[in-house]
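Structure, as structure tokens:
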Amino acid sequence: MKNVRSLTEGAILLAAFAVFLLITIYIPPLSVISVFFLPLPFIMYSAKYSLKNIAIFFIAAIIISFITSSLQGLGLMALFGAAGAVMGYMTQKTKSRSAILMGGTLIFIAGLVISYVVLVTFMNINFIQEFKTMMDQSMQQSEDMLKVIGNKEQMKLLQEQNANLIKNIKELAPAYLITVAVVYALITQWICFPIVKRFGIGVPSWGKFRNLSLPKSLLWFYLAALGGYLLFRPEEGTYLYLVIVNARFILELLLLLQGLACLLYILHQRSIGKGVAVFVVILSFILPIVHYIISVLGIADLGFDFRKRFEKKE
């Protein structure tokens, strides 16, 4: 009876996956949203059945993906299907939402790296090089316009900005990859988990963001990365330079999140409206000075438990 039920549910979920996959590939305007529904059938199935059944479901999804949309569908299925299967199985094992997020992120990172290697090796497609070519073409058009106007200073400034942008993308590609993977995993949970919950599958809940407290060791890692940069002064383009620069980027982003959590906690303790919190969060991603202040707040919170000074005394 149980096998019949798993087969029936598997067939229904595979049909739903095929629909999401076809929408993602053949209806581009909807693909921005539908792509995040691809893990949903895998999450729902993996949250209820054994690893053996999950493996069979995954193999069936591979076959369906190849039949319906060839290699493109196979690539999407491998990336989002694997992430969904891991998230669903971790849900079955009652892991925390943060652990599920980490598991999904690791799968997305692995999938994105493999996809990039396959595209570069077998299809001769290099997204970084394509972006550089596109920027060079745009730059050339802008230069032609500025030459007509005769604004040499503006043309020189534009060249410098273009060079710095391409340089940053090349240097921070690993950090951007990790950031994209985390965002993918977050959006997948945000979209899929409420639906999964409606079908009677137990889903762990997030705590309040304002109560977020990252490990204190994060501060030491940041100080080590900062100290390594100041002490060794690695030459640009070297392996050590790339490691330190990417580590700093990720750690500074985490410190910003810690600072935002601390700020929201303080505002909550002082009963200040949510509108102020939303306004400050938006400013932190727009104005560098606000970004810097909130990052410093994150450092103070990790190092000195800054938020405890604002706890309401009973």
Side-chain angles (χ1 to χ4, degrees), residues 36 87 95-106 108-109 168 171-172 174-194 197 203-230 244-314:
F36 292 105
M87 288 182 174
K95 300 295 183 181
S96 66
R97 285 288 282 268
S98 56
I100 296 171
L101 175 64
M102 187 176 295
T105 298
L106 291 174
F108 275 123
I109 290 172
N168 287 336
E171 290 178 349
L172 295 173
Y176 291 148
L177 177 70
I178 294 171
T179 304
V180 168
V182 173
V183 171
Y184 273 18
L186 272 172
I187 294 176
T188 298
Q189 285 198 33
W190 179 61
I191 289 177
C192 296
F193 275 30
K197 194 173 181 180
V203 174
S205 59
W206 282 111
K208 298 291 185 181
F209 178 73
R210 63 175 177 268
N211 295 326
L212 173 70
S213 183
L214 296 171
K216 294 187 182 297
S217 57
L218 180 71
L219 181 58
W220 294 108
F221 289 138
Y222 177 70
L223 292 175
L226 187 61
Y229 182 80
L230 296 174
I244 291 177
V245 166
N246 281 275
R248 280 187 60 189
F249 180 88
I250 296 296
L251 291 168
E252 285 173 359
L253 187 59
L254 291 172
L255 288 173
L256 175 66
L257 292 177
Q258 182 67 43
L260 288 172
C262 180
L263 178 64
L264 294 180
Y265 180 86
I266 293 169
L267 294 177
H268 176 74
Q269 291 294 317
R270 291 291 180 266
S271 301
I272 297 174
K274 292 183 179 179
V276 175
V278 172
F279 181 67
V280 174
V281 169
I282 293 171
L283 284 181
S284 68
F285 290 98
I286 297 175
L287 299 179
I289 184 64
V290 178
H291 181 104
Y292 175 76
I293 291 171
I294 293 178
S295 295
V296 171
L297 181 61
I299 292 172
D301 192 37
L302 281 179
F304 307 104
D305 289 325
F306 186 71
R307 70 178 65 194
K308 284 190 175 180
R309 301 170 182 267
F310 297 89
E311 286 182 353
K312 291 180 180 178
K313 295 181 180 180
E314 300 293 338

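Just so it is clear, the values below take in all heavy atoms, side chains as well, and ignore hydrogens, waters and symmetry mates.
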Q: To the nearest 0.5 angstrom, please state how far the CG atom of L267 sits from the CD1 atom of I272.
A: 5.0 Å

What pairs of donor and acceptor atoms, side-chain ones from residues 249-260 against any protein atom, are under 3.5 angstrom apart with sequence neighbours left out?
residue	atom	partner	partner atom	Å
E252	OE2	Y222	OH	3.4
E252	OE2	R248	NH2	3.3
Q258	OE1	L214	N	2.8
Q258	NE2	L212	O	3.4
Q258	NE2	D301	OD2	2.7

Q) For residues 216-228, which residue pairs qualify under salt bridge (charged side-chain N to carboxylate O under 4.0 Å, His left out), counting only residues two or more places apart or in two chains? A) K216-D305

Could you tabulate the donor-acceptor pairs under 3.5 Å formed by side-chain atoms of residues 174-192, not counting sequence neighbours?
residue	atom	partner	partner atom	Å
T179	OG1	A175	O	2.8
T188	OG1	Y184	O	2.7
Q189	OE1	R97	NE	2.6

Q: For F306 and C262, work out which heavy atoms get closest and say how close.
A: CD2-SG, 4.1 Å

Q: Report the residues that fulfil side-chain contact (heavy atoms from CB on, under 4.5 Å) with V280, sequence neighbours left out, ordered by chain and then residue number.
A: L263, V276, I294

Q: State the CE-OG distance between M102 and S96, to the nearest 0.5 angstrom.
A: 8.5 Å

Q: List the steps and the verdict of side-chain contact (heavy atoms from CB on, under 4.5 Å) for T105 and F108.
A: CA-CA 5 Å; T105 298; F108 275 123; 5.7 Å; no

Q) Crowded around F279 CZ? As in, over 12 foreign heavy atoms under 6.0 Å? A) no

Q. Between P215 and L302, which heavy-atom pair has the shortest distance, and what is it?
A. O-CD2, 3.9 Å

Q.
Suppose the criterion is side chain to side chain donor-acceptor pair (under 3.5 Å): which pairs have a residue in residues 275-296, not counting sequence neighbours?
A. none

Q.
Rounded at 0.5 Å granularity, tell me how far CG in L226 sits from OH in Y229.
A. 10.0 Å

**Q.** Over-ring placement of R210 relative to Y265, 6.0 Å and 45° cut-offs
**A.** no

(Q) Applying ring pair (Phe, Tyr, Trp, His ring centres under 6.0 Å), can you list everything that pairs with F193, at least two apart in sequence or on another chain? (A) none

